[in-house]
Amino acid sequence: MAEPKENVLMEKIVSLCKRRGFVFQSSEIYGGINGFWDYGPLGAELKRNVKELWWTSMTRMRDDVVGLEATIIMAPQIWKASGHVDTFSDPMCDCLYSNKRFRADQIEPQSGTAYYYAGARDAAAGRQVDDVFAVLLPPGKPVQSARNLATQFYNKRGVTAVELLGERAEAVENSTRFNPDNGSLLTEPRPFNLMLQTYVGPIQSSENVAYLRPETAQAIFAQFKNVHETSRQKVPFGIGQVGKAFRNEVTPRNFTFRSREFEQMELEFFIKPDEAVEAIHGAVAVPTVPGHPGEPQPNWGWQMWHRYWVEERVRFYESIGLSRETLGFHIQTTEELAHYARATTDILFKFPFSKRDAAGNVVGDELEGIAARSDFDLSQHERFSGKSMGVFDEDLRTGWGKLEDAKKASLSKRYYDARLNYLMRVGVDAAKAQVDAKEDAEGLAKGQYIPHVIEPSAGVDRLILALIANAFTEITDPDDKGKSETRVMMRFHPRVAPIKVAILPLLKNKPELVSKARSIFEALRPLMNAYFDEAGSIGRRYARQDEAGTPFCVTVDFDTLGEKPELLNTVTLRHRDDGRQERLAIDQLIPWLMERVRCV
RNA sequence: GCGAGCGUAGCUCAGCCUGGUAGAGCGUCACCUUGCCAAGGUGAAUGUCGAGGGUUCGAAUCCCUUCGCUCGCUCCA
């Protein structure tokens, strides 16, 4: 049930986004385009900050992650290998009577007698429609109920006094052409392709169809070999990427939350298969207590790595102002998981439009999913490209040599089973699958394996929306005349705030104040996004900055110029959230601010 | 794609039923004023009333089509 109050809040947020220049509708002057959004001046800064923070904390601050920037259009075979060509194009049917939509492959087969109608006529009104309609009746049901449904169908098409035309009965066995709920005929199955398509080269033909990537991850898998060989990284290590992705969503909804063009921040973190970890270390460490498992250890298996990345990502959200209380978690059930995934934990944010569960709690909507994807992706690319995606692991070869024969046999068997399971599921012929799985198991004994992967995949635009919703605060207090006024404050964490500091001369008509403030502004602007404002009363300017979410304001007054000699070259530093003021020397300003706004 | 609601200034909205000069508040800009939390004064700009078509002497208003937004259905690797 949609809470009206929450819709109002969402409307206020959307309105503020436009008014202050966070988010605009794309192509607005031409009436807009569904599912596409632009970032205005403040939004662009906010988004840059978020991506910069992710990149810095995920790649530059880590020894074990490197970056990649791949193209949006890639060889179409990539999307065959990844499964997107198949899974993104389910055929759909609509019920002609109720317009309810079905996935063609999920309709229960029905049997009975189908009554077809060629159309309907209203002789008195001189109207006739020739739309074909049909109703499937289970055995024994009178034909009149089919006629009733057909009459209603033609009523909806503007025929009032319905005279049914061309009734024809036909026995039907196990048909999926009819709505199981009401027997109405369905439309022909129509393919739904959720990938945006284009053509590479000037001639538009089926041979040069290409897709705008529906996720950034596949480029990482496709370039895994190159990165591994050139970066001097050894498994476990990760490859991160930030970039645009595109999906032809059926229904873009909830402001920027589900857009057709969006940006992702994805990490593919490659790890050893558990069999290799066990061969090297004797045993695989698994999570035993809740919470962050600490610094990565060589004996971690996929479960520890998965837990580690979930907790790392939560820490990231906390570091930019999204507390654990504003987040939610969803651990995907076995039914929800893709067949190759071992576990997926979604990190949710409680948006104003988020639904409540049966118990009345706000669940939240997905910001990021952390998936343990086994070795599925690299294996698929190995099969489709014919290029080996395996790595050689010196530690594994050494470790394997020291194992007792029984241990070797049991690890080999487990690895063989896992590989066979994968090969069979993707449809490899049983005999060939057994041969290949045996080869893989022999490879393991020589130190070879295809890395497994943990994938933390976050949506930038969703995170921006979460930060905006989280920051949005209405403050109501009485003005001088006692009339209560409501103003908006955006409580962004200083690290993500679009404007870090505003420099304000106390009065505009005193040139010495203005020029002093201007010189402070010029000193700050190369280091951070600073803003200079001399227009209007000081209170009004503070309020303007509150609405933009600027965490700090610096005011230059007569004491700055030495009216009180002991305060020469000091400024007022005003805090957004509580209005607190403190006096700070100008030469302290840069270190003081940098401490608070720097990335990490 | 279906159903319902909505679309008027940068924002929030009135006007539409009952056709007749396009409005208010807030914000923005300029000038004056200004001594730390949306102060005051004066003045100004801003609209093809979402778009296209129709009815009419005349359409923001009535009718049709279309685009966009919101909600529900559907979809969500």
Side-chain angles (χ1 to χ4, degrees), chain A residues 1-4 7-8 10-12 14-21 24-36 40 79 82-90 92-103 156 187 190 192 194-195 214-215 217-218 245 247-255 257-258 336-341 344 353 365-366 369 371 373 457 475 477 479-481 483 485-489 504-510 513 534-547 553-559 563 571-576 578-581:
Chain A
M1 188 176 68
E3 298 282 328
N7 291 337
V8 169
M10 204 53 216
E11 278 166 27
K12 284 177 176 172
V14 172
S15 159
L16 175 104
C17 280
K18 173 154 196 208
R19 177 156 46 86
R20 291 309 309 241
F24 304 126
Q25 191 178 16
S26 169
S27 319
E28 194 192 69
I29 60 167
Y30 291 102
I33 173 165
N34 200 347
F36 296 87
W79 308 112
S82 69
H84 286 85
V85 170
D86 298 326
T87 58
F88 264 47
S89 55
D90 301 318
M92 308 287 294
C93 306
D94 295 330
C95 171
L96 285 171
Y97 178 75
S98 67
N99 290 317
K100 197 175 166 181
R101 175 159 293 168
F102 296 88
R103 266 179 66 170
K156 284 198 213 170
T187 59
R190 287 174 293 195
F192 261 54
L194 297 191
M195 280 196 288
E215 61 172 34
Q218 292 305 322
R247 289 179 198 182
N248 237 335
E249 295 289 353
V250 178
T251 313
R253 273 293 154 85
N254 289 327
F255 197 30
F257 184 81
R258 179 174 296 151
E336 291 173 309
L337 284 174
H339 66 81
Y340 49 79
T344 297
F353 52 76
D365 287 278
E366 187 185 341
R373 296 174 62 92
S457 166
I475 295 170
D477 42 23
D479 64 7
D480 322 342
K481 296 163 204 134
K483 198 175 70 175
E485 282 189 333
T486 301
R487 59 204 175 86
V488 173
M489 181 186 284
L504 316 170
L506 184 59
L507 298 173
K508 185 186 180 181
N509 63 346
K510 298 286 189 289
L513 289 180
E534 57 179 13
S537 75
I538 190 69
R540 182 193 222 55
R541 281 178 279 164
Y542 285 152
R544 274 203 281 256
Q545 294 306 316
D546 287 347
E547 206 176 43
C553 287
V554 164
T555 304
V556 172
D557 60 16
F558 295 96
D559 291 333
E563 195 168 277
V571 290
T572 300
L573 195 134
R574 181 258 189 189
H575 296 255
R576 174 195 62 205
D578 52 12
R580 187 161 50 90
Q581 297 194 347

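Predicted, not measured: the structure shown is a model, and the values here were computed from it. All chains are named by letter (A, B, ...) in the order of the sequence lines, taking the proteins before the strands, and each is independently numbered beginning at 1.
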Undergrad: Using a cut-off of 4.0 Å on non-hydrogen atoms, how would the nucleic acid contact of Asn254(A) be classed: base, sugar-phosphate, or nothing?
TA: sugar-phosphate
Undergrad: What integer number of Å spans the C1' atoms of A22(B) and A14(B)?
TA: 11 Å
Undergrad: With no angle test and no hydrogens, is the base of C37(B) tied to the side chain of Arg574(A) by a donor-acceptor pair under 3.5 Å?
TA: yes
Undergrad: With a 6.0 Å cut-off on the ring centroids, do Phe255(A) and Phe353(A) count as close?
TA: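 Distance test on ring centres: not under 6.0 Å, no.
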Undergrad: Expressed in whole Å, how much space separates the C1' atoms belonging to A60(B) and C13(B)?
TA: 14 Å
Undergrad: Is there a donor and acceptor pair closer than 3.5 Å between the side chain of Thr572(A) and the base of C36(B)?
TA: yes
Undergrad: Return the nearest nucleotide to the side chain of Glu563(A); candidates are U34(B), G35(B), C36(B).
TA: G35(B)
Undergrad: Identify all pairs in which a protein N or O lies below 3.5 Å from an N or O of nucleotides 24-30 of chain B, and state each distance.
TA:
| from | atom 1 | to | atom 2 | distance (Å) |
| --- | --- | --- | --- | --- |
| U28(B) | OP1 | Arg544(A) | NH1 | 2.7 |

Undergrad: Quick check: on RNA chain B, is the nucleotide nearest Val556(A) upstream (toward 5') of the one nearest Pro252(A), or the reverse? Name the residue that is more 5'.
TA: Val556(A)
Undergrad: Between C37(B), U12(B), C69(B), which one does the side chain of Gln25(A) approach most closely?
TA: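 So the nucleotide nearest the side chain must be C69(B).
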Undergrad: Between Phe255(A) and Arg580(A), which is nearer to the 5' end of RNA chain B once each is assigned its nearest nucleotide?
TA: Arg580(A)
Undergrad: May I ask you to test the Met489(A)-Arg576(A) pair for a side-chain heavy-atom distance under 4.5 Å?
TA: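 Contact flag for Met489(A)/Arg576(A) side chains = yes.
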Undergrad: Taking the side chain of Arg258(A) as heavy atoms from C-beta outward, which of U34(B), C75(B), C36(B) is closest to it?
TA: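 Per side-chain heavy atoms of Arg258(A), the pick is C75(B).
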Undergrad: Of all residues at least two apart in sequence or in a different chain, which pass the salt bridge (charged side-chain N to carboxylate O under 4.0 Å, His left out) check with Arg19(A)?
TA: Glu547(A)
Undergrad: To the nearest 0.5 Å, tell me how far Leu504(A) CG sits from Asp557(A) CG.
TA: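 If I round to the nearest 0.5 Å, the distance is 11.5 Å.
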Undergrad: Counting just side-chain N and O atoms, does Asn34(A) come under 4.0 Å of either OP1 or OP2 of C67(B)?
TA: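 Indeed not, no polar side-chain atom of Asn34(A) lies that close.
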Undergrad: What's the spacing between Arg580(A) CZ and Arg574(A) CZ if we round to 0.5 Å?
TA: 11.5 Å
Undergrad: Within the 4.0 Å heavy-atom criterion, would you say Gly21(A) contacts the bases, only the backbone, or no part of the nucleic acid?
TA: nothing
Undergrad: Determine the interatomic distance between P on C71(B) and the same-named atom on C62(B); round to the nearest Å.
TA: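 Per the computed distance, 26 Å lies between those P atoms.
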Undergrad: Restricting to salt bridge (charged side-chain N to carboxylate O under 4.0 Å, His left out), what partner residues turn up for Arg541(A), sequence neighbours left out?
TA: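 Salt bridge (charged side-chain N to carboxylate O under 4.0 Å, His left out) list for Arg541(A), sorted by chain: empty.
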Undergrad: Please measure how far the P atom in U65(B) lies from the corresponding atom in G5(B), and state the result in whole Å.
TA: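 Each nucleotide's P atom is 14 Å from the other's.
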Undergrad: Taking only side-chain N and O atoms of Ser537(A), does any of them lie within less than 4.0 angstrom of OP1 or OP2 on A39(B)?
TA: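 Answer is yes, contact under 4.0 Å.
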